[in-house]
Amino acid sequence: MLIASPSGASAIIGKEFPGKFTHYGLRRKHSFRVWASEFPAFLPKEVENIKDQFARNLASRIEMLPVPVSWTKNHIMSSCVKPKTLSKTSPLVLLHGFDSSLLEWRYVLPLLEEAGLETWAFDVLGWGFSNLENLPPCNVASKRDHLYQFWNSYIRRPVTLVGPSLGAAVAIDFVVNYPQAVDKLIFIDASVYAEGTGNLAKLPKLMAYAGVYLLKSIPLRLYATSLTFNRLSWNTCVDWTNVKQKALVIWGENDQIIDSKLSVRLQCELPNAIIRQVPDCGHIPHVEKPAAVSKLITDFVQADGQVDIPAGLACLKKV
């Protein structure tokens with residue numbers, strides 16, 4: 001199975017952090033006046049080349065927050081976008097897909113904020129713009145711990161966790177281990193039954209990290225940050241019946257990356273889930289059809305009462 005980042009998004013996908021947080025800031029001090037008025041100084045200089053105004057707007061809001069983690073005494077400087085307002089509904093925490101960044105949400109996040117939702121966007125450990133200079137472990141447990149410590153440090157209320165593509169696997173693993181932190185779940189073209197990424201999974205881990213640190217190689221970085229996820233069979237290692245939260249499964253009608261049958265399978269295996277299909281849309285509905293996805297998310301977050309559990313293909317509704 002192929003797991004892909006948004007097509008054409010190479011200019012807005014986060015790259016590994018090339019130096020220490022403080023050293024990087026000092027090293028770029030000489031050029032600070034050139035671009036810091038719009039973008040934070042810790043972002044890579046390539047951010048200037050972004051043409052999409054929505055991406056530029058969101059990039060300008062990215063902050064680095066210190067997150068404590070269990071495997072080191074040092075904090076991980078972690079990239080996120082904080083909400084503009086607080087709301088009475090559960091806060092949204094937007095994850096992202098494989099080797100991508102929170103900039104996936106450049107179109108949807110403003111719409112969610114316009115709807116009055118408290119919305120966080122968060123870079124999963126190993127991806128996006130967070131500091132990787134100390135080569136933190138990027139396995140499932142580390143991603144989970146990083147997300148939990150971020151939640152425990154800055155949110156501390158049950159959230160609606162939104163996971164697109166491989167971010168859905170992060171979300172499911174998180175809710176199984178920290179159910180008290182999650183009120184609802186939203187999956188978008190979920191990659192939770194992945195078996196691997198072909199020959200890339202044969203690369204030795206040491207070589208992968210050498211590529212990350214020395215060669216700045218994107219293919220090597222893909223391997224280094226996703227190896228553990230690729231080797232997990234999520235349908236066998238996660239007990240779906242333990243996921244009691246209400247869940248919304250969103251699927252692009254024309255997804256060429258993941259078979260639509262898996263969306264129905266996911267909905268059927270989760271005990272309290274509904275499924276909605278977005279027509280004329282591929283693997284990344286939140287980029288391709290932001291208005292439709294924003295409405296689905298807003299309605300689901302604001303809805304009261306019980307969630308119906310439709311069965312089979314008959315439960316696919318178009319928006």
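Residues: numbered from 1 along the sequence shown. This one's a predicted model, so the numbers in the text were calculated from it and none came from an experiment.
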Using modelled atom types only, decide if a donor and an acceptor are shared between the side chain of K184 and the backbone of V159 within a distance under 3.5 Å. no
Under 3.5 Å, is there a donor-acceptor pair between the side chain of R61 and the main chain of F39? no
Describe, in one word, how the ring planes of Y148 and Y178 are oriented to each other, choosing from parallel (under 30°), tilted (30 to 60°) and perpendicular (over 60°). parallel
Under 4.5 Å between side-chain heavy atoms, hopping through other hydrophobics if needed: is there a path connecting L111 to F300? no
Between V287 and R106, is the side chain to side chain contact (heavy atoms under 4.5 Å, CB included) condition met? List the steps. CA-CA 8 Å; V287 174; R106 58 196 180 274; 3.7 Å; yes
Would you say the ring centers of H146 and F174 fall short of 6.0 Å from each other? no
So, K295 and E114, do they make that salt bridge, N to O below 4.0 Å? no
Side-chain contact test, heavy atoms from C-beta onward, threshold under 4.5 Å: evaluate it for E104 versus P164 and give yes or no. yes
Nearest 0.5 Å, what's the CG-CG distance between N57 and L103? 11.0 Å
Rounded at 0.5 Å granularity, tell me how far CG in N177 sits from CD1 in I172. 12.0 Å
Measure up the F122 and F150 rings against each other and bin them: parallel (under 30°), tilted (30 to 60°), perpendicular (over 60°). tilted
So is K82 actually on top of Y154's ring, under 6.0 Å and inside 45° of the axis? no
Main-chain N/O of S294 paired with T298 side-chain donor or acceptor, under 3.5 Å: yes
Under 6.0 Å between ring centres: does that hold for F42 and F129? no
Atom pair CG/OG of L65 and S78 - distance to nearest 0.5 Å: 7.5 Å
Taking all non-hydrogen atoms of both residues into account, name the closest pair between P158 and P91 and its distance. O-CD, 3.3 Å
Check whether any side-chain N or O of E288 sits under 3.5 Å from a backbone N or O of C281 as a donor-acceptor pair, and report yes or no. no
Taking the six-membered ring for Trp and the full ring for Phe, Tyr or His, determine whether the centres of W105 and H286 are under 6.0 Å apart. yes
E118 and its side-chain hydrogen bond (donor to acceptor under 3.5 Å, both in side chains) partner, picked from K88, R157, K84: R157
Using ring centroids (six-membered ring only for Trp), state whether F187 and W251 fall under 6.0 Å. no
Using only atom types and a distance under 3.5 Å, with no angle test, would you say the side chain of T119 pairs donor to acceptor with the backbone of L117? yes
If only atom types and distance count, is the side chain of S165 paired as donor or acceptor with the main-chain N or O of G167 below 3.5 Å? no
Mind checking whether V162 and L92 have side chains closer than 4.5 Å, heavy atoms only? yes
Between atom CD1 of I250 and atom CD1 of I275, what is the distance when rounded to the nearest 0.5 Å? 10.0 Å
Nearest 0.5 Å, please: how far is CD1 in I186 from CG in L296? 8.5 Å
Quick check: do P285 and D189 have side-chain heavy atoms less than 4.5 Å from each other? yes
Any side-chain to backbone donor/acceptor pair from D145 onto S70? Under 3.5 Å, distance only. yes
Any non-hydrogen side-chain atom of H283 less than 4.5 Å from a side-chain atom of I258? yes
Going by the side chain to side chain contact (heavy atoms under 4.5 Å, CB included) test, name the single residue among D123, L109, L94 that passes it with L102. D123
Is any side-chain heavy atom of R144 closer than 4.5 Å to a side-chain heavy atom of L147? no
Side chains of Q149 and S153: is there a donor and an acceptor less than 3.5 Å apart? no
Has R156 got a side-chain atom pairing as donor or acceptor with N152's backbone, closer than 3.5 angstrom? yes
Got V293 and I297 here, is their nearest side-chain heavy-atom distance under 4.5 Å? yes
Rounded to the nearest 0.5 Å, what separation is found between the CD atom of Q180 and the CG atom of D183? 12.5 Å
Beyond-backbone contact of S130 with M77, side-chain heavy atoms, under 4.5 angstrom: no
Counting C-beta onward and ignoring hydrogens, is there a side-chain heavy-atom pair between R276 and L248 closer than 4.5 Å? yes
